[in-house]
Amino acid sequence: QMRYYYFLQSISNASDNIIRWAIARFYGDGQLYQTRGFAYLKSMVLNEIKNKKKRLQHEYRTKGRSPSHNYKKEQTNE
């Protein structure tokens, strides 16, 4: 139970959205069934906190951004 306590303490500063994302990814990728534990999940959360801004910038460069709300309005007025 101490591992669980230390895990919760280490991710206590993370936002709820990041924790939900990491848990969903942990289950979705099947990491739970590959004997990955709290240490792996903790590193997912902490790395997402650290790298979120850079990951989003990379995603915008490779995939682009969705059109803004104003752009959609202009298209419908024409």
Side-chain angles (χ1 to χ4, degrees):
Q1 289 198 356
M2 290 302 289
R3 288 183 188 173
Y4 183 64
Y5 173 76
Y6 289 130
F7 166 73
L8 292 177
Q9 280 297 111
S10 66
I11 65 167
S12 63
N13 295 331
S15 71
D16 291 343
N17 291 336
I18 290 177
I19 293 172
R20 285 188 193 112
W21 171 84
I23 290 172
R25 184 123 187 235
F26 186 75
Y27 281 117
D29 290 349
Q31 302 299 334
L32 178 66
Y33 306 112
Q34 296 178 7
T35 65
R36 306 281 168 105
F38 286 134
Y40 188 80
L41 184 56
K42 177 182 79 170
S43 68
M44 287 177 69
V45 171
L46 297 178
N47 286 333
E48 179 63 16
I49 292 170
K50 186 171 121 182
N51 298 327
K52 183 176 184 177
K53 188 174 181 179
K54 288 183 182 179
R55 186 181 54 80
L56 286 175
Q57 288 174 350
H58 176 69
E59 188 175 309
Y60 292 151
R61 276 185 281 174
T62 56
K63 297 180 182 177
R65 296 180 187 221
S66 59
S68 68
H69 183 64
N70 293 334
Y71 178 76
K72 291 178 185 177
K73 277 186 177 179
E74 291 171 5
Q75 293 297 323
T76 56
N77 290 339
E78 292 180 0

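These figures come from a predicted structure and were not determined experimentally. Side chains included, hydrogens not; waters and symmetry mates left out as well; all remaining heavy atoms used.
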>> So, using side chain to side chain contact (heavy atoms under 4.5 Å, CB included) as the criterion, who are the partners of Asn47 when residues are at least two apart?
In response: Ser43, Asn51

> Got a sec, which residues hit side chain to side chain contact (heavy atoms under 4.5 Å, CB included) with Ala39, two or more places apart in sequence or on another chain?
Replying inline: none

>> Suppose the criterion is salt bridge (charged side-chain N to carboxylate O under 4.0 Å, His left out): which pairs have a residue in residues 1-21, not counting sequence neighbours?
In response: none

> Listed by chain and number, what are the salt bridge (Lys or Arg N to Asp or Glu O under 4.0 Å) partners of Arg55, not counting sequence neighbours?
Replying inline: Glu48, Glu59

> If you take all heavy atoms of Val45 and Ala14, which pair is closest and at what distance?
Replying inline: CG1-CB, 3.6 Å

Table please: side-chain donor-acceptor pairs of residues 5-12 below 3.5 Å, with sequence neighbours left out.
| residue | atom | partner | partner atom | Å |
| --- | --- | --- | --- | --- |
| Ser10 | OG | Tyr6 | O | 3.4 |
| Ser10 | OG | Phe7 | O | 2.7 |
| Ser12 | OG | Gln9 | O | 3.0 |

> Under 4.5 Å between any side-chain heavy atoms of Lys53 and Gln57, yes or no?
Replying inline: yes

> Apart from Leu56 itself, what residues make up its hydrophobic cluster when side-chain heavy atoms of I, L, V, M, F, W and Y under 4.5 Å apart count as a link, directly or indirectly?
Replying inline: Tyr60

> Mind checking whether Phe38 and Trp21 sit in one hydrophobic cluster, side chains of I, L, V, M, F, W, Y counted as touching below 4.5 Å?
Replying inline: no

>> Measuring from atom CG of Leu41 to atom CD1 of Ile19, what distance do you get when rounded to the nearest 0.5 angstrom?
In response: 9.0 Å

